[in-house]
Amino acid sequence: EWTWMALKWTNPCCHPTDRSLIFPSETDNSYVELTPKRPLNLQAFTLCMRVATELSGNREIILFAYRTTNADEMWRRLSLYLSASSGATFQVPDLGALQSHLCFTWDSGSGATALFMNGKKSLTKIYRKNHNVSSGGKTILGQDPDSLLGDFEADQSFVGEINDVNMWSSVLSDRTIQDMFSGMRVPRPDVLDWKTTQLQKHGGAEILTTE
């Protein structure tokens, strides 16, 4: 299983600097911590990223993890887990070496949960209705934390490339997510903004910067 506002460039005459995270190999200590713009006290969200990996089979792969002292909220391969032992899993084409654009949307009021892959929307599932994502946790890429920021296992680590990680505190429209996949301007994220989010790397994780 695989566990927001007009966008404006600060300098419209030039191409923005882009960053990409590389996780070269299986380890129990490589991850990148992200600093959100606001606490993750959420009743809804849209979480998107671009991912490439050659990991395959039944190996557990963590794409995104948010861990508080009591529980974790995470995205495993193509499943979403919100403080629960069972997740919302979607049967869609697997990830590969070619980059895929992925988004999860979730709304607490209705429980409506969906996955978008390269602009195409899955069916909608009802998951964790009335749940609340609590603040006070750590946001990381590349590992599955079994404690607040530790107890990592090499066979759960991510190997590959991740970039363009953005999070909104609302459910974006289907059209907006399709525009995002196509590289068009979309509302600026209010939780995680890849253009400005502070990244702190650990272990063998690498941050590549390109123009």
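Every heavy atom of this structure was used, including side-chain atoms; hydrogens, water molecules and symmetry mates were not. Since we're looking at a predicted model, the values are computed, not measured. The first residue of the sequence shown is numbered 1, and numbering continues consecutively from there.
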_Ring of Trp106, cation from Arg128 - is the NZ or CZ under 6.0 Å from the centre and inside 45° of the axis?_
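Not satisfied by the 6.0 Å and 45° rule.
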Without swapping roles, check the side chain of [X] against the backbone of [Y] for a donor-acceptor pair under 3.5 Å.
X	Y	result
Ser182	Met184	no
Gln99	Ile162	no
Tyr31	Lys201	no
Thr46	Ser170	yes

Less than 4.5 Å apart, any side-chain heavy atom of [X] and any of [Y]?
X	Y	result
Leu172	Val186	no
Val133	Tyr66	yes
Phe64	Met49	yes

Considering all heavy atoms, the nearest [X]-[Y] contact:
X	Y	answer
Gly203	Ser30	C-OG, 3.7 Å
Thr139	Pro36	OG1-CG, 3.8 Å
Gly119	Gln178	O-CG, 3.2 Å
Gly109	Lys129	O-CE, 3.3 Å
Leu82	Tyr127	N-OH, 3.0 Å
Ala44	Asp107	CB-OD1, 3.8 Å

Out of curiosity, [X] [atom1] to [Y] [atom2], how far, rounded to the nearest 0.5 Å?
X	Y	atom1	atom2	value
Ile177	Leu102	CD1	CG	11.5 Å
Gln198	Asp193	CD	CG	13.5 Å
Ser157	Glu26	OG	CD	5.0 Å
Asp18	Asp164	CG	CG	6.5 Å
Leu40	Ser135	CG	OG	8.5 Å
Gln143	Ile62	CD	CD1	9.0 Å

Is it the case that [X] and [Y] place a side-chain donor and acceptor less than 3.5 Å from each other?
X	Y	value
Asp179	Thr176	no
Asn132	Asn41	yes
Ser20	Glu161	yes

*asked:* With a 4.5 Å cut-off on side-chain heavy-atom distances among I, L, V, M, F, W and Y, is there a chain of contacts connecting Ile207 to Val159?
replied: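 Ile207 and Val159: one cluster.
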*Group every Ile, Leu, Val, Met, Phe, Trp and Tyr by side-chain heavy-atom contacts under 4.5 Å, then state whether Ile22 and Leu141 land in the same group.*
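Each belongs to a different hydrophobic cluster.
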*Listed by chain and number, what are the salt bridge (Lys or Arg N to Asp or Glu O under 4.0 Å) partners of Asp28, not counting sequence neighbours?*
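Salt bridge (Lys or Arg N to Asp or Glu O under 4.0 Å) check on Asp28 returns nothing, list empty.
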*For side chain to side chain contact (heavy atoms under 4.5 Å, CB included), just list the numbers for Thr197 and Arg19, CA-CA rounded to whole Å, side-chain angles, deciding distance to a tenth of an Å, and then say yes or no.*
CA-CA 10 Å; Thr197 295; Arg19 300 177 293 177; 4.3 Å; yes
*Stepwise, does the side chain to side chain contact (heavy atoms under 4.5 Å, CB included) test hold for Ile140 with Leu34?*
CA-CA 6 Å; Ile140 71 170; Leu34 288 69; 5.8 Å; no
*Pairing residues for Phe90 by the side chain to side chain contact (heavy atoms under 4.5 Å, CB included) criterion, not counting sequence neighbours*: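 Scan of Phe90 (side chain to side chain contact (heavy atoms under 4.5 Å, CB included), adjacent residues dropped) gives Ala88, Val92, Phe104, Thr113, Leu115, Ser122, Leu123, Lys125.
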*Can you list the steps and then say if Thr105 with Phe116 is a side chain to side chain contact (heavy atoms under 4.5 Å, CB included)?*
CA-CA 8 Å; Thr105 62; Phe116 289 77; 4.0 Å; yes
*Can you label the angle between the His101 ring and the Phe181 ring as parallel, tilted or perpendicular, going by 30° and 60°?*
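The rings of His101 and Phe181 sit tilted, inter-plane angle from 30° to 60°.
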*Which pairs with one or both residues in residues 34-46 pass salt bridge (Lys or Arg N to Asp or Glu O under 4.0 Å), sequence neighbours excluded?*
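Salt bridge (Lys or Arg N to Asp or Glu O under 4.0 Å) check on residues 34-46 returns Arg38-Asp190.
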*Mind running side chain to side chain contact (heavy atoms under 4.5 Å, CB included) on Asn163 and Leu21 for me, showing each step along the way?*
CA-CA 6 Å; Asn163 61 33; Leu21 307 182; over 6 Å; no
